[in-house]
Amino acid sequence: PSWTAQAVERREARALVAAALDRLDHPKREVFVLHELEGWSVAELEPILEVPLNTLYSRLRLARKAFAAAVRDLQQGDDR
């Protein structure tokens, strides 16, 4: 693809990620973004977010599932 097509694809991908993230509640979005996008380990997040480690792992698991479902829905045109 040309550079303009690649730029459009990147812009669309960013918009899709942003829309999917908007569908997550704040606690799930927070741990998802910090871990998956910013690269923090869950253990590093525990003292920063002041949330028990097991709770963070649970939020991350639920956030991954919800994010994947949101991406799938958005790609299928479901604007819920």
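For reference, positions follow the sequence shown, starting with 1.
- Contact check for Leu60 versus Lys28: no side-chain heavy atoms found under the 4.5 Å cut-off.
- In this structure, CZ on Arg59 lies 15.0 Å from NE2 on His35, to the nearest 0.5 angstrom.
- Grouping the Ile, Leu, Val, Met, Phe, Trp and Tyr side chains by contacts below 4.5 angstrom, directly or via other members, places Phe32 with Leu16.
- Distance check: Lys65 NZ to Leu24 CG gives 13.5 Å after rounding to the nearest 0.5 Å.
- In this structure, CD1 in Ile48 is found 10.0 Å from CD in Glu30, a value given to the nearest 0.5 Å.
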Can you list, pair by pair, the side-chain donor-acceptor contacts under 3.5 Å of residues 38-46, counting residues two or more places apart and other chains?
{"unit_1": "Ser41", "atom_1": "OG", "unit_2": "Glu44", "atom_2": "N", "d": "3.0"}
{"unit_1": "Ser41", "atom_1": "OG", "unit_2": "Glu44", "atom_2": "OE1", "d": "3.3"}
{"unit_1": "Glu44", "atom_1": "OE1", "unit_2": "Ser41", "atom_2": "N", "d": "2.7"}
{"unit_1": "Glu46", "atom_1": "OE2", "unit_2": "Leu53", "atom_2": "N", "d": "3.4"}

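- When all heavy atoms of Val71 and Ala20 are compared, the closest pair comes out as CG2-CB, 3.7 Å.
- Contact check on Arg64 versus Glu36 returns a salt bridge, with a Lys/Arg side-chain nitrogen under 4.0 Å from an Asp/Glu carboxylate oxygen.
- A continuous path of Ile, Leu, Val, Met, Phe, Trp and Tyr side chains, each step under 4.5 Å between heavy atoms, connects Val33 with Tyr57, placing both in one hydrophobic cluster.
- Cluster membership for Leu62 and Leu37, using ILVMFWY side-chain heavy atoms within less than 4.5 angstrom, is not shared.
- Counting heavy atoms of neighbouring residues, nucleotides and ligands inside a 6.0 Å radius, atom CG of Asp22 exceeds 12 of them.
- Atom CG of Leu34 and atom CG of Leu49 lie 6.0 Å apart (nearest 0.5 Å).
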